[in-house]
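The structure under discussion appears below in the form of structure tokens.
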Amino acid sequence: MALDVTFGVSTWLWTSPFNKETVSLFPKIKSFGYDAVEIPVEDPALIDLKLVKDALETNGLKPVICGAFGPTRDFTHEDPSYHQTCFEYLDSCFEIATELGAGFVAGPMYSAVGKARLVSPEQRKIEWDRAVQNLRKVCHRAGEFGLDIALETLNRFETDLINTAEELIQLIKDINEPQAKALLDGFHVSIEEPSIEEAIRKVGDKLIHVQVSENYRGTPGTGQTNWAAWKKGLEDIDYRGTISIESFTPNVKELAGAVCIWKPLVPSQDGFAQEGLQFLKKWAGE
């Protein structure tokens with residue numbers, strides 16, 4: 001059975017941070033056959049909303065807004081000033097999403113990416129509760145904009161808080177707000193989950209966005225990913241959202257260092273985008 005989905009790609013595949021120059025990628029992304037573009041908001045001040053909105057409309061692309069959560073954006077930090085920084089940042093993301101017509105803001109917004117330590121059960125409970133309390137406030141704010149939030153699991157090397165679908169759905173249950181939804185990224189799932197199908201079924205109708213690459217962050221269809229399991233899981237929950245390719249370029253040193261990509265994964269980033277979409281369309285249509 002064919003999946004009723006649309007396809008997107010993150011501009012992180014080519015460049016970082018998203019700024020005025022990044023919209024020059026939009027015609028190429030559309031020409032490759034994509035329906036949507038993921039816009040990573042690293043610095044909201046760099047995003048020219050009118051320019052981006054016009055480029056989206058001109059090229060017939062839908063936006064997906066993704067947050068970037070570095071060390072200063074940490075809802076689990078003991079210093080409340082870090083929480084305030086994150087609230088202000090997410091407010092900017094909500095404003096961008098609203099203006100561009102996106103329905104949600106996505107990302108691992110519960111904690112700073114890279115905060116991966118072995119902590120005591122007592123400390124983990126403290127940080128979990130901070131994340132829940134702060135994300136409950138975030139949900140209320142998102143609701144004022146008419147938006148949802150799509151919370152993402154990360155692998156154990158990038159966070160110690162939410163690694164699995166089971167942990168993610170527990171977080172969403174503890175937040176207990178209608179705006180709290182889920183994002184699954186195939187790269188992280190390939191590291192942390194015994195069963196792709198079961199992970200998808202666990203998040204169920206909370207799943208509003210999917211990101212994919214190969215198990216090594218390369219072009220979909222060239223690695224060890226169990227694509228049949230992905231399709232079966234998405235069929236089981238009747239997923240109808242966007243499936244986006246998210247990977248990175250080693251040419252942007254700061255970003256490449258953050259995601260530990262030390263060498264080119266493919267001969268061409270354009271080839272990555274084209275061949276990956278060709279594979280995904282065939283896979284989804286079979």
Exercise: identify the closest heavy-atom pair between [X] and [Y]:
| X | Y | value |
| --- | --- | --- |
| Val203 | Ala165 | CG1-CB, 4.0 Å |
| Ala102 | Pro63 | CB-O, 3.7 Å |
| Cys86 | Arg73 | SG-CB, 3.8 Å |
| Ala182 | Leu168 | CB-CD2, 3.7 Å |
| Thr242 | Phe7 | CG2-C, 4.1 Å |
| Pro178 | Lys181 | O-CE, 3.1 Å |

message: Please evaluate residues Val138 and Phe87 with respect to the criterion side-chain contact (heavy atoms from CB on, under 4.5 Å), reporting the C-alpha separation (whole Å), side-chain torsions for both, the decisive distance (0.1 Å), and the verdict.
response: CA-CA 7 Å; Val138 169; Phe87 285 132; 3.7 Å; yes
Mind checking the [atom1]-[atom2] spacing from [X] to [Y]? Nearest 0.5 Å is all I need.
| X | Y | atom1 | atom2 | answer |
| --- | --- | --- | --- | --- |
| Phe272 | Leu277 | CZ | CG | 12.0 Å |
| Thr164 | Ile162 | OG1 | CD1 | 7.5 Å |
| Lys62 | Asp35 | NZ | CG | 7.5 Å |
| Glu166 | Lys202 | CD | NZ | 4.5 Å |
| Ile200 | Glu235 | CD1 | CD | 10.0 Å |
| Ile245 | Leu280 | CD1 | CG | 5.0 Å |

query: Checking side-chain contact (heavy atoms from CB on, under 4.5 Å) for the pair Thr159/Val113: CA distance, chi angles, key distance, verdict?
result: CA-CA 6 Å; Thr159 186; Val113 176; over 6 Å; no
Could you check whether any side-chain N or O of [X] sits under 3.5 Å from a backbone N or O of [Y], counting only pairs where one atom can act as donor and the other as acceptor?
| X | Y | value |
| --- | --- | --- |
| Asn215 | Gln224 | yes |
| Lys281 | Gly33 | yes |
| Thr58 | Asp54 | yes |
| Asn155 | Ile191 | no |
| Lys263 | Pro250 | no |
| Glu38 | Cys66 | no |
| Ser190 | Phe187 | yes |
| His188 | Asn163 | no |
| Lys30 | Gly60 | yes |
| Thr225 | Gly221 | no |

Just checking, any donor-acceptor pair under 3.5 angstrom between side chains of [X] and [Y]?
| X | Y | value |
| --- | --- | --- |
| Asn251 | Thr249 | yes |
| Glu275 | Thr219 | no |
| Asp129 | Gln133 | no |
| Gln84 | Glu88 | yes |

Let me check something: do [X] and [Y] share a hydrophobic cluster, defined by ILVMFWY side-chain heavy atoms less than 4.5 Å apart, either directly or through other members?
| X | Y | value |
| --- | --- | --- |
| Ile196 | Leu183 | no |
| Ile208 | Ile175 | no |
| Trp14 | Leu51 | yes |
| Leu56 | Val64 | no |
| Leu49 | Leu90 | yes |

- request: Could you name each residue pair satisfying ring pair (Phe, Tyr, Trp, His ring centres under 6.0 Å) that touches residues 147-167, not counting sequence neighbours?
  value: none
Summary of ring pair (Phe, Tyr, Trp, His ring centres under 6.0 Å) pairs that have at least one residue in residues 104-145, sequence neighbours excluded: Phe94-Phe145, Phe104-His209
message: Would Phe69 and Tyr89 count as a ring-ring contact (aromatic ring centres under 6.0 Å, His included) here? Give the steps.
response: CA-CA 9 Å; Phe69 298 89; Tyr89 166 70; 5.6 Å; yes
- prompt: Which one of Arg130, Arg124, Gln123, Lys115 satisfies the side-chain hydrogen bond (donor to acceptor under 3.5 Å, both in side chains) criterion with Thr76?
  reply: Lys115
- prompt: Do Leu171 and Leu161 come within less than 4.5 Å of each other through their side chains, counting heavy atoms only?
  reply: no
query: Is there a side-chain contact between Cys93 and Val105, using heavy atoms and a 4.5 Å cut-off?
result: yes
- request: For side-chain contact (heavy atoms from CB on, under 4.5 Å), just list the numbers for Val259 and Trp12, CA-CA rounded to whole Å, side-chain angles, deciding distance to a tenth of an Å, and then say yes or no.
  value: CA-CA 11 Å; Val259 296; Trp12 266 338; over 6 Å; no
Is a salt bridge present between [X] and [Y], judged by a nitrogen-to-oxygen distance below 4.0 Å?
| X | Y | answer |
| --- | --- | --- |
| Arg240 | Asp238 | yes |
| Lys125 | Glu122 | no |
| Asp185 | Arg217 | yes |

query: Taking it one step at a time, do Trp283 and Ile243 satisfy side-chain contact (heavy atoms from CB on, under 4.5 Å)?
result: CA-CA 12 Å; Trp283 160 78; Ile243 298 174; 3.8 Å; yes
task: With salt bridge (charged side-chain N to carboxylate O under 4.0 Å, His left out) as the test, would you mind laying out the steps for Glu144 and Arg141 before giving the verdict?
output: CA-CA 5 Å; Glu144 293 175 8; Arg141 186 63 171 151; 2.6 Å; yes
task: Using a cut-off of 6.0 Å, state whether more than 12 heavy atoms not belonging to Gln269 lie near its atom CD.
output: yes
message: Does the plane of the ring in Phe279 sit parallel, tilted or perpendicular to the ring in Trp227? Use 30° and 60° as the thresholds.
response: perpendicular
query: Please, which pairs that meet salt bridge (Lys or Arg N to Asp or Glu O under 4.0 Å) have at least one residue in residues 153-162, sequence neighbours excluded?
result: Arg117-Asp160, Arg156-Glu192
